[in-house]
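Each remark here refers to the structure printed beneath this line.
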Amino acid sequence: MNFVEELRWRGLLHDIMPGTEEELAKGMASGYIGFDPTADSLHVGSLLQIFTLIRFQKAGHKPFALVGGATGMVGDPSGKSQERNLLSEDILDKNLKGIQTQLERFLDFNCGLNSAEIVNNYDWFKNYSFLDFIRDAGKHITVNYMMSKDSVKKRLESEVGMSFTEFSYQLIQGYDFYYLWKNKNCVLQMGGSDQWGNIVTGTEFIRRKGGGQAFALTSPLIKKSDGTKFGKSEGGNVWLDAKKTSPYQFYQFWLNASDDDAANYIKIFTFFNQQEIENLIAEHAEAPHQRALQKALAKDITQRVHGDEALETALKTTDFLFGNGSLDFLKSLDDESVLTVFEGITQFTILKAEFEAGYDALTLLADKTSIFPSKGESKKMIVGGGVSINRDKVPNPEKIFISSDLINGKFLVVQKGKKNYFLVVVV
RNA sequence: GGGGGGAUUCCAGAGCGGUCAAAUGGGACGGACUGUAAAUCCGUUACUUCGGUUUCGAAGGUUCGAAUCCUUCUCCCCCCA
């Protein structure tokens with residue numbers, strides 16, 4: 001199965017420029033995907049693009065990951081109804097380093113001819129003067145052409161308008177493609193479907209300025225089966241950085257996928273082949289409550305993103321919290337092991353001296369820790385039966401917790417709802 | 001430049017002198033049911049030392065009492081020139 005066929009059956013092909021498949025069939029080709037430095041970590045949404053590069057490389061082609069040091073300074077208007085705020089250079093720099101480190105985890109940079117490369121478009125833009133750029137690049141693309149792009153059209157129609165800065169974005173990204181085509185023999189740009197317009201500007205640029213031909217393909221936007229945005233969990237983004245989203249939380253994110261979504265995700269976010277996926281789906285259909293699909297998905301992707309050790313900890317934690325792990329299990333562990341099991345769980349520390357006299361539930365949950373933002377909130381949740389401490393429902397907001405309630409003289413396991421755990425450590 | 005409409009608690013959107021911490025819907029969170037799914041049903045959705053306290057674009061004013069009336073300001077939308 002070739003690269004394009006692979007994407008097709010996995011449901012990852014949204015748009016493809018005619019001739020792309022034929023071009024790739026000729027032999028090893030170079031292609032790239034750009035990553036925007038809007039944060040210092042990539043998130044689960046970016047995984048799709050990363051995996052596309054991996055698949056591209058596995059198919060024998062040479063992948064380039066472009067980090068947008070230059071484009072990040074401008075801001076991509078695609079899909080944005082409002083003008084973006086510019087990032088400061090410090091932040092940009094930090095973001096670039098962060099995502100570059102992450103990208104390095106995934107691709108093979110040492111496999112001969114088709115070794116991956118990371119490039120930063122700041123490198124070819126930093127000494128490119130404005131005048132030179134508008135003379136060299138700007139001359140080849142008409143404003144009429146640029147205005148016809150959806151991302152531009154939408155903003156022109158709206159009241160907020162669009163700054164010249166953002167308007168020029170597509171030209172800059174288009175030039176990237178040209179640059180890579182010219183200097184790295186890069187003939188294909190890939191990306192999310194929202195990037196189609198920008199990518200096509202690039203191929204057009206290559207045609208007009210370089211007299212050459214380049215290709216494009218995009219992947220669809222991932223949505224959950226209920227139509228809501230993919231990649232959010234408990235109100236926040238799911239990041240690839242273990243400091244922002246712990247491997248346990250990351251694992252849980254995938255494990256909690258609905259049946260429909262899991263069947264979809266496993267094609268997108270794992271490298272299981274068609275047969276293996278069909279087997280998993282069949283297995284899941286037979287015993288849905290076992291959730292073979294979610295488990296396979298969560299395990300595979302957590303392992304790939306965070307490594308074996310982190311996966312193991314995540315599994316251990318999951319096992320304890322959602323299995324029938326009783327408190328006795330915790331009691332049998334030394335402090336260090338307890339902390340390992342709870343590694344991915346949000347933790348709070350209270351001084352022993354302060355805890356001696358004991359705290360009522362409200363003070364403990366809203367004051368001494370920020371498990372709840374306010375006492376009122378905390379109270380409502382307790383009254384509603386949504387809070388457990390050490391596996392027991394907190395019966396009323398006045399309930400007092402004292403030293404003898406601590407597990408191993410040190411820990412309190414707080415549960416908000418069924419899935420949200422916190423560890424309070426008294427030292 | 002002239003005329004008109006609007007800004008309400010996370011969002012949308014009622015309220016138009018007391019019964020308003022503010023209808024309703026959405027979202028979010030919690031509960032039940034389950035499989036840590038989906039669907040469904042139920043509850044909660046300003047803070048609090050539970051006495052109260054601060055909220056309805058901002059600042060003043062009228063009134064026993066204002067989200068509701070008046071003044072000024074800021075921002076948004078529409079129509080005419």
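Every chain is numbered from 1, with letters handed out A, B, ... down the list of sequences. Note that this is a predicted model, so its numbers are computed, not measured.
In terms of phosphate contacts, A/S374 brings a side-chain nitrogen or oxygen within less than 4.0 Å of OP1 or OP2 of B/rU48. Taking 4.0 angstrom as the limit, A/N420 places a side-chain polar atom (N or O) nearer than this to OP1 or OP2 of B/rG30. Dashed line: the shortest gap from a side-chain N or O of A/K419 to OP1 or OP2 of B/rA37 is under 4.0 Å.
Rounded to a whole angstrom, the distance from the P atom of B/rA58 to that of B/rC75 is 15 Å. A distance of about 16 Å separates the C1' atoms of B/rU63 and B/rU71, rounded to the whole Å. The same atom, P, is picked in B/rA39 and in B/rA66; the two are 46 Å apart, to the nearest Å. Taking the C1' atom of each, B/rU48 and B/rA14 are spaced 28 Å apart, rounded to whole Å. A gap of 33 Å separates the P atoms of B/rU53 and B/rG6, to the nearest Å. Atom name P, nucleotides B/rG26 and B/rG43: the rounded distance is 13 Å, in whole Å. Across B/rG27 and B/rC64, the matching C1' atoms stand 41 Å from one another, rounded to whole Å. Remark: the separation of the P atoms in B/rA32 and B/rC47 is 24 Å, to the nearest Å.
Put simply, NZ on A/K229 is 22 Å from P on B/rG26, counting in whole angstrom units. As a whole-Å value, the separation of A/L362 CG from B/rU49 C1' is 11 Å. As rounded to whole Å, 14 Å separates atom C1' of B/rA38 from atom CG of A/L293. Regarding A/K375, its NZ atom lies at a distance of 15 Å from the C1' atom of B/rU53, rounded to whole Å. Atom CG in A/L280 sits roughly 20 Å away from atom P in B/rA37 (whole-Å rounding). Spacing between atom CG of A/D261 and atom P of B/rA39 amounts to 10 Å, rounded to whole angstrom units. Protein atom CZ of A/R291 is 15 Å distant from nucleotide atom P of B/rU34, rounded to whole Å. Residue A/H284 contributes atom NE2, which lies 12 Å from atom P of B/rA38 at whole-angstrom precision.
Distances were taken from every side-chain heavy atom of A/K416 (C-beta onward) to each of B/rA38, B/rC29, B/rU49; the shortest belongs to B/rC29. Side-chain proximity of A/H289 to the nucleotides B/rU45, B/rU36, B/rG35 is greatest for B/rG35. Listed nucleotides B/rC47, B/rG35, B/rU36 differ in distance to A/P288; the shortest reach to its side chain belongs to B/rG35. Listed candidates were B/rC33, B/rU49, B/rG35. Nearest to the side chain of A/K418 is B/rC33. Closest contact between the side chain of A/Q294 and the listed nucleotides B/rU34, B/rG35, B/rU48 involves B/rG35. Ranking B/rU36, B/rA32, B/rA38 by closeness to the A/F322 side chain, first place goes to B/rU36. Ranking B/rA37, B/rG30, B/rG35 by closeness to the A/M381 side chain, first place goes to B/rG30.
No side-chain donor-acceptor contact under 3.5 Å links A/Q173 to the backbone of A/N198.
Within 6.0 Å of NZ in A/K299 there are 12 or fewer heavy atoms belonging to other residues, nucleotides or ligands. Heavy-atom contacts from other residues, nucleotides or ligands closer than 6.0 Å to NZ of A/K94 number 12 or fewer.
The residue A/T318 sits close to a base: some heavy atom pair falls under 4.0 Å. No engagement by A/D367 is indicated, since no non-hydrogen atom pair under 4.0 Å with the nucleic acid exists.
For a distance-only test at 3.5 Å, the side chain of A/K379 fails to qualify as a donor-acceptor partner of the base of B/rU44. If you check distances only, the side chain of A/E377 never reaches the base of B/rU44 with a donor-acceptor pair under 3.5 Å.
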Report the C-alpha separation of A/Q195 and A/Q189 in whole Å, then their side-chain angles, then the decisive distance to 0.1 Å, and conclude whether the side chain to side chain donor-acceptor pair (under 3.5 Å) test is met. CA-CA 10 Å; A/Q195 291 300 308; A/Q189 185 180 172; over 6 Å; no

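With a glycosidic angle more than 90° from 0, B/rG43 adopts the anti conformation.
The partner of B/rG43 is B/rC29, by the rule that a Watson-Crick or G-U pair needs both atom distances under 3.5 Å. For B/rA12, the paired base is B/rU24 (Watson-Crick or G-U wobble, both distances below 3.5 Å). Pair assignment for B/rC75 gives B/rG6, based on Watson-Crick or G-U wobble hydrogen-bonding distances that are each under 3.5 Å. Checking B/rU34 for Watson-Crick or G-U wobble geometry (two distances, each under 3.5 Å) identifies no partner in any strand.
The nearest pair of heavy atoms linking A/A65 to A/L107 is CB-CD1, 4.4 Å. Residues A/R10 and A/K267 share a closest heavy-atom pair of NH1-O, 2.8 Å.
A salt bridge does not link A/K58 with A/E6: none of the charged nitrogens is closer than 4.0 Å to a carboxylate oxygen.
Comparing A/D259 and A/G386 by the nucleotide of RNA chain B whose heavy atom lies nearest to each, the residue mapping closer to the 5' end is A/G386.
Side-chain contact check for A/F109 versus A/I118: some heavy-atom pair is nearer than 4.5 Å.
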